[in-house]
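Below you'll find the structure, written out as structure tokens, and then a few comments.
For the single chain, residues carry numbers from 1 onward in sequence order.
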Amino acid sequence: MSKANTIGALILGAAAGVALMKFFTMPEYEKEEFLAHLKNRAHDLLDDAEGTVDKVKAHFSEIDMKPKEAWVDKLFVAKRLLTELFGSERRFLI
């Protein structure tokens, strides 16, 4: 694994750890609200499966066009994809 990939994996792992820690420290009603939001978004994405697949393909092709060393840019594209798929006006975790 290259140095850039190692750093990217560490950053991604740390972000996931912070998100999990934040989730488990939420009050129970916020957890339920957050999970309901994810469930509703997943149903919306499944209802428009073709559009969802097109969005994912477009973002992955953008990631593939980036140079191998541009892992930060690739992470921002992945973040934009997740924000488009699951984002909302209200920021639940971080």
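A continuous path of Ile, Leu, Val, Met, Phe, Trp and Tyr side chains, each step under 4.5 Å between heavy atoms, connects Phe24 with Met26, placing both in one hydrophobic cluster. Leu75 and Val72 fall within the same hydrophobic cluster, defined by Ile, Leu, Val, Met, Phe, Trp and Tyr side-chain heavy atoms under 4.5 Å apart, directly or through other members.
Put simply, the side chain of His37 never gets that close to the backbone of Glu33: no donor and acceptor are under 3.5 Å apart.
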* Apply the test side chain to side chain contact (heavy atoms under 4.5 Å, CB included) to residues Phe60 and Val77: give CA-CA distance (whole Å), side-chain angles for both, the deciding distance (0.1 Å), then the verdict. => CA-CA 8 Å; Phe60 274 97; Val77 173; over 6 Å; no
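To the nearest 0.5 Å, atoms CZ (Phe23) and CG (Leu35) are separated by 4.0 Å. Between atom OH of residue Tyr29 and atom CZ of residue Phe34 there is a gap of 15.0 Å, rounded to the nearest 0.5 Å. Atom NZ of Lys68 and atom NZ of Lys74 lie 8.5 Å apart (nearest 0.5 Å). From Asp73, atom CG reaches atom CD1 of Ile63 across 10.5 Å, with rounding to the nearest 0.5 Å.
We find that Asp54 and Lys57 are not joined by a salt bridge, their nearest charged nitrogen and carboxylate oxygen being 4.0 Å or further apart.
Nearest heavy atoms, Arg41 versus Glu84: NH2-O, 3.6 Å.
Annotation: salt bridge (Lys or Arg N to Asp or Glu O under 4.0 Å) contacts of Glu62 (sequence neighbours excluded): Arg80.
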